[in-house]
There are 2 protein chains.
Amino acid sequence: MIRVVLAEDQAMVRGAFAQLLDLQPDVAVVGTAGDGDEALAAVALHRPDVLLTDIEMPGKSGLDVAQELVRRGDGTRVLIITTFARSGYLRRAMDAGVAGYVLKDAPIAELVSALRRVHAGERVVAPELAMAAWDSADPLTPRERELLREVTTGASNADIAARLHLAEGTVRNYLSTAMAKLGAKNRSEAANTARDRGWL
Amino acid sequence: MIRVVLAEDQAMVRGAFAQLLDLQPDVAVVGTAGDGDEALAAVALHRPDVLLTDIEMPGKSGLDVAQELVRRGDGTRVLIITTFARSGYLRRAMDAGVAGYVLKDAPIAELVSALRRVHAGERVVAPELAMAAWDSADPLTPRERELLREVTTGASNADIAARLHLAEGTVRNYLSTAMAKLGAKNRSEAANTARDRGWL
DNA sequence: ACCCCGGGATGACAAATGTCAGCTTGACTC
DNA sequence: GAGTCAAGCTGACATTTGTCATCCCGGGGT
């Protein structure tokens, strides 16, 4: 019997997945969570074999949770299930030591089989992404990432400078180098490509 | 027996919802679709009582599909099921004549009950949104919307001018008035708030 | 000890963006 | 027929962004 905790922020999707998995004879959903912190709590409480988690959730992301569990040396294996075929997400997931990575675009059958394989100790990666992991590594420094995240909110240089206690010129400089690294013509384009590759 | 066609772009979510609904004694999922065009085809083929559809899908959106079905005078009732609590989406859905609007944040039970009520001829709107519909109407002209959509891609004034066959100054003017209407300090902020309210 | 790199800063300059006033034209309403 | 309004344009101006060269500091490497 595979004991699973399921973390996913959309209640309807969470409920549907939970019911379906529970219908499998060899799977038991022992707990569910709607965000990263609830996921950590549920794992601590139920000590499942596998944590099945989304990436984008309010508060702690699924990647944060995975990192935390691995750091703790907690025996729970993590299977990521996400909408996004972003190579940067996969890379970070791998670095965080997750056991599997499947896409919501795949049929449900793939989720169940991935779950079994992860439980059996295998590593599972969505075939569409197996290669993608190797293409481009994140060239951004932590500071540049931080600035780009501010840009996505529509903040001006002055706004960013104030929020991060920097000089306005410094903000321009960082964004300039980030734009160069990403081959973007302006701040928005830079922020967009960084987001699309999962680097934010 | 309520005959349903289900349109949702993420295969895993689509599969899960389909299986769950089929478990209900009074519901039969007679067809599924992964985008708007498939949804129209499936409705034409199966003539279901209710089309249950997501909004954001590749190609035609769920709102486009609803509009088309109502225009045709086709008897199928439309129940929208979406992630986004954007008041603009709800307003457009109402204008398009949909029979119901539920959020993926709600529990699955709500989906099933909404489905039954829509089939019975009632109108169902997610309670979180019932009020929201009345707050702010879209103040943007079609042209301004179009320009803001370009802005979300990170295009410069020159890019937009070229793509839409406009003078660069005209682009600046339109964005300027859009920014004023939306109370935004710059183009990105304007694009963000317009998107968040479902006006794009 | 030396060099490189990330973080932080300055100043100057060029280019892009935002603001304003004012003009035309073609619909649509009253 | 006058008025209104979206769409489109121009030109002048102020402000914001982007680019570059150049500087300082501190922590790793070798």
Colleague: Expressed as a whole number of angstroms, how long is the span from N173(B):CG to dG22(C):C1'?
Modeller: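 Rounded to the whole Å, the gap is 11 Å.
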Colleague: Return the nearest nucleotide to the side chain of T141(A); candidates are dG7(C), dT17(D), dG8(D).
Modeller: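 The answer is dG7(C), which lies nearest to the side chain.
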Colleague: Please step through side chain to side chain contact (heavy atoms under 4.5 Å, CB included) for the pair L175(B) and N157(B), ending with a clear verdict.
Modeller: CA-CA 9 Å; L175(B) 289 180; N157(B) 286 328; 3.9 Å; yes
Colleague: What's the CD-P distance between E189(B) and dG18(C), to the nearest Å?
Modeller: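 Checked: the CD to P distance equals 11 Å.
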Colleague: Grab the CG-P distance between N157(A) and dT17(C) for me, whole Å please.
Modeller: 13 Å
Colleague: Got V125(A) and M94(A) here, is their nearest side-chain heavy-atom distance under 4.5 Å?
Modeller: yes
Colleague: Counting distance alone, no hydrogens or angles: does the base of dG18(D) have a donor or acceptor under 3.5 Å from a partner atom on the side chain of R172(A)?
Modeller: yes
Colleague: Salt bridge (Lys or Arg N to Asp or Glu O under 4.0 Å), that's the test. Do D54(B) and K104(B) meet it? Break it down for me.
Modeller: CA-CA 10 Å; D54(B) 194 1; K104(B) 285 186 187 169; 3.4 Å; yes
Colleague: Without decimals, in angstroms, what is the distance between L140(B) CG and dC5(D) C1'?
Modeller: 16 Å
Colleague: When you get a sec, tell me which of dG18(D), dG8(D), dT10(C) is the closest nucleotide to the side chain of Y174(B)?
Modeller: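 The listed nucleotide nearest to Y174(B)'s side chain is dG8(D).
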Colleague: Please give, in whole Å, the distance from dA14(C) P to N186(A) CG?
Modeller: 21 Å
Colleague: Taking the minimum atom-to-atom distance to the side chain of M179(B), which one of dT10(C), dG18(C), dG7(C) wins?
Modeller: dG18(C)
Colleague: Can you confirm whether K181(A) is buried at NZ, in the sense that more than 12 heavy atoms of other residues, nucleotides or ligands lie under 6.0 Å from that atom?
Modeller: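 Atom NZ in K181(A) is packed in, count exceeds 12.
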Colleague: Using atom CG of L175(B) as one end and atom C1' of dT16(D) as the other, report the distance to the nearest whole Å.
Modeller: 15 Å
Colleague: On the nucleotide dG8(D), are OP1 or OP2 found under 4.0 Å from the side-chain N or O atoms that T170(B) carries?
Modeller: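 No, because none of the side-chain N or O atoms of T170(B) sits under 4.0 Å from OP1 or OP2 of dG8(D).
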Colleague: Decide salt bridge (Lys or Arg N to Asp or Glu O under 4.0 Å) for R143(B) and E146(B); before the verdict, give the C-alpha distance in whole Å, the side-chain angles of both, and the deciding distance to 0.1 Å.
Modeller: CA-CA 5 Å; R143(B) 212 41 166 169; E146(B) 208 175 347; 2.9 Å; yes
Colleague: By nearest nucleotide on DNA chain D, pick out whichever of E168(B) and P142(B) is the more 5' one.
Modeller: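 The answer here is P142(B).
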Colleague: Checking contacts here: which listed nucleotide (dC9(D), dG18(D), dT17(D)) is nearest the side-chain heavy atoms of S176(A)?
Modeller: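 Of the candidates, dG18(D) comes closest.
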Colleague: In whole angstrom, give the distance that lies between atom CG of D159(A) and atom C1' of dT17(D).
Modeller: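 Interatomic distance, CG of D159(A) to C1' of dT17(D): 13 Å.
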Colleague: Round to the nearest Å and state the distance from I160(A) atom CD1 to dG8(C) atom C1'.
Modeller: 16 Å
Colleague: Want to settle it: does L166(A) or A180(B) sit nearer the 5' end of DNA chain C, counting the closest nucleotide to each?
Modeller: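 The residue mapped nearer the 5' terminus is L166(A).
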